[in-house]
Amino acid sequence: MTATWRDTAVTQLLGVRLPIIAAPMAGGPSTPALVAAVSEAGGLGVLGCGYDSPDRIRAAIAEVRRLTDKPFGVNLFVPTPVEIDDTAVAAALAALEPFAAAYDLDIALTPPFAEDFDAQLEVILDERVDMFSFTFGVPSYNALAALRGAGIAVCGTATSLAEAVALQQTGGVDAVCLQGTEAGGHRGGFIGAPEDSLVGIETLVSEVRSAVDLPLIAAGGIMDGRGIAAALVGGADAAQLGTAFLRCPEAGTSAPYRAALETARDTDTVITKAFSGRAARGVRNALSEALADVPVPPYPVMNALTRELRRRAAAAGDSSVLSLWAGHGVAAGRALPALKLVITLASETDVAFTRTHGEGR
Ligand SMILES: Cc1cc2nc3c(=O)[nH]c(=O)nc-3n(C[C@H](O)[C@H](O)[C@H](O)COP(=O)(O)O)c2cc1C
C-alpha cells in the first residue's frame with residue numbers, strides 16, 4: 001500500500017481526502033467546532049446527537065455548516081425498549097445515595113428517559129447530511145432506505161462478526177463501523193449482551209473482512225498513525241478515533257474530565273454500566289467502583305437516574321462521579337487543535353507505511 005492509503009472505499013463513499021473519522025461523542029465532546037475542524041482537515045467529523053432534541057440537532061448541523069462546507073456526519077442511538085425494573089431502580093438508588101447526598105440531591109425518576117428517535121431521524125433526513133451512523137441497534141429497513149434515498153451514506157456499528165453480517169443482510173447500510181473491545185464509550189452491540197461482545201479490533205477487522213463486502217471502519221484504541229496504518233493493513237477502509245480527539249481544545253470535554261484523561265494510564269479504564277445502564281468503557285472512578293456489582297436498571301433508565309448527579313459533578317469540577325469515557329489508548333492522548341491532530345495523524349500514517357514497506361506517500 002502506498003500513496004493509496006488515503007484513497008479507500010470509505011473516502012470514496014464519503015467524498016473526503018483522508019480515511020480518518022473523528023468518532024461521534026454524544027454528551028458534549030463532539031461539538032460543531034470539533035466536527036468542522038476535522039472535516040476541514042480532510043477527515044470526517046461526526047456529531048454525536050444521541051441525547052439531543054430535534055431542535056438541538058438542527059442547530060448543531062447549522063453550526064457545522066456555518067464553519068465548513070466539507071462533508072460531515074451525524075450519529076444517533078437506536079432506541080432500546082424501556083423497562084422499569086423496580087428492584088433494579090431501588091438497588092441503583094441505594095447505591096447512588098451517598099453520592100447524591102454529597103450534592104444535596106434527591107434523585108427522582110422522571111420520564112421521558114430518552115429523546116424520540118423518529119423525530120431525531122426526521123431532522124437528519126430533512127437536513128440531508130453527508131453521512132448518518134447509528135449504534136445500539138438497527139433502524140427499520142424503511143428508515144434506512146429513506147436515508148439512502150436522500151443521498152445520505154449510512155453506517156451501522158458492529159461489535160462482533162454476527163452483528164457485521166446482520167448489518168450487511170439488512171441491505172440498507174453503505175458501511176460498517178467495527179468497534180473493538182479497546183474502544184472508549186458505549187458498546188454499540190445489539191446481538192447478545194453488549195458487555196459479552198468484547199473482541200479486539202485487529203481480530204474483528206480481520207474476521208469481518210473475510211465475510212463482509214461492505215467498506216469497513218475500524219474503531220477502538222487507535223491513537224496515532226501507526227494505529228491507523230495497522231487498521232488499514234488489517235483490512236479496514238478507514239479508522240474512527242474517539243479518545244484521541246477528547247483533549248482537543250475544540251472538544252466539549254469538561255475540565256474535570258480533561259484532568260482525568262491527562263493522568264490516566266492504559267490499565268485505568270473499565271467497562272461499566274454504572275452511569276447509563278449500558279456497558280461503556282471509561283476511566284475508573286469512585287462511582288464506577290461503588291456500583292461495580294450493583295444490578296442497575298438498563299439504559300436509558302439508569303442514564304436518567306444519574307443525569308442530574310453528573311451535571312452537578314461536572315459543574316463542581318468533580319470527576320469522581322462523572323462518566324469519563326475513554327479507550328485503552330487514553331494515555332497516548334494529545335492536547336492538539338483538531339486540525340493539527342488530523343494533519344499529524346496523516347503524516348504519521350505516511351511514516352508508518354514508509355517504515356513497513358519502504359514506500360510512503
Ligand atoms: C466520549 C465518547 C463518547 C462516545 N459517544 C458515541 C456516540 O455518541 N455514538 C457512537 O456511535 N459512538 C460513540 N463513542 C464510541 C466511538 O464511536 C468509538 O467506537 C470509540 O471512540 C473508539 O475507541 P477510542 O475511543 O479508543 O478511539 C464514544 C466514545 C467516546 C470516547
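Atom set for the values below is all heavy atoms of this structure, side chains included, hydrogens, waters and symmetry mates excluded. Just so you know, residue 1 is the first one in the sequence shown, and it goes up from there. Predicted model, so just to flag it, every value in this text is computed and none were measured. As the structure lists them, so they are numbered: ligands from 1, and atoms in each ligand from 1.
- Residue, atom and distance of the protein heavy atom nearest to atom 17 (O) of ligand 1 are Q240 NE2, 3.0 Å.
- Every atom of ligand 1 with a heavy atom of N75 under 4.0 Å away is listed here by number and element: 7 (C), 8 (O), 9 (N), 10 (C), 11 (O).
- Residues satisfying the salt bridge (charged side-chain N to carboxylate O under 4.0 Å, His left out) test with E40, not counting sequence neighbours, are K70.
- Residues passing the side-chain hydrogen bond (donor to acceptor under 3.5 Å, both in side chains) test with S323: none are found, sequence neighbours excluded.
- Contact check on R258 versus E262 returns no salt bridge, with no Lys/Arg side-chain nitrogen under 4.0 Å from an Asp/Glu carboxylate oxygen.
- If you number the atoms of ligand 1 from 1 as listed, the ones under 4.0 Å from a heavy atom of Q179 come out as 15 (C), 19 (O).
- Close contacts of ligand 1 with Y257, meaning ligand atoms under 4.0 Å from a residue heavy atom, involve 1 (C).
- Counting only heavy atoms of the protein, atom 16 (C) of ligand 1 lies nearest to A23 CB, 3.6 Å.
- Near G242, meaning under 4.0 Å from one of its heavy atoms, ligand 1 places the atoms 21 (O), 24 (P), 25 (O), 27 (O).
- If you number the atoms of ligand 1 from 1 as listed, the ones under 4.0 Å from a heavy atom of G327 come out as 26 (O).
- Salt-bridge annotation for E348 and R334: present, with a side-chain N of the basic residue lying under 4.0 Å from a carboxylate O of the acidic one.
- In this structure, of A183, A280, G184, the residue bringing a heavy atom nearest to atom 15 (C) of ligand 1 is G184.
- Closest to atom 26 (O) of ligand 1, if we only count protein heavy atoms, is G221 N, 2.8 Å.
- Rounded to the nearest 0.5 angstrom, T181 OG1 and I271 CD1 are separated by 4.5 Å.
- If you number the atoms of ligand 1 from 1 as listed, the ones under 4.0 Å from a heavy atom of A219 come out as 19 (O), 22 (C).
- Using bins of under 30°, 30° to 60° and over 60° for the plane-to-plane angle, the ring pair F77/F136 lands in the parallel bin.
- Looking only at protein heavy atoms, the nearest one to atom 22 (C) of ligand 1 is G220 N, 3.5 Å.
- Scanning the protein for heavy atoms near atom 2 (C) of ligand 1, the closest one is M25 CG, 3.5 Å.
- Using a 4.0 Å cut-off between charged nitrogen and carboxylate oxygen, R58 and D55 do not count as a salt-bridge pair.
- Ion pairing between a basic and an acidic side chain is recognised when a charged N comes within 4.0 Å of a carboxylate O; E127 and R65 show such pairing.
- Ligand 1 is approached by F77 to a heavy-atom distance shorter than 4.0 Å.
- Closest heavy-atom approach to atom 6 (C) of ligand 1 among the candidates G185, S133, P24: P24.
- Numbered from 1 in the order shown, with element, the atoms of ligand 1 that lie under 4.0 Å from a heavy atom of L241 read 27 (O).
- The shortest contact between atom 25 (O) of ligand 1 and any protein heavy atom is with T243 OG1, 2.5 Å.
- Using a 4.0 Å cut-off between charged side-chain N and carboxylate O, R187 and E195 make no salt bridge.
- Contact check on R209 versus D237 returns a salt bridge, with a Lys/Arg side-chain nitrogen under 4.0 Å from an Asp/Glu carboxylate oxygen.
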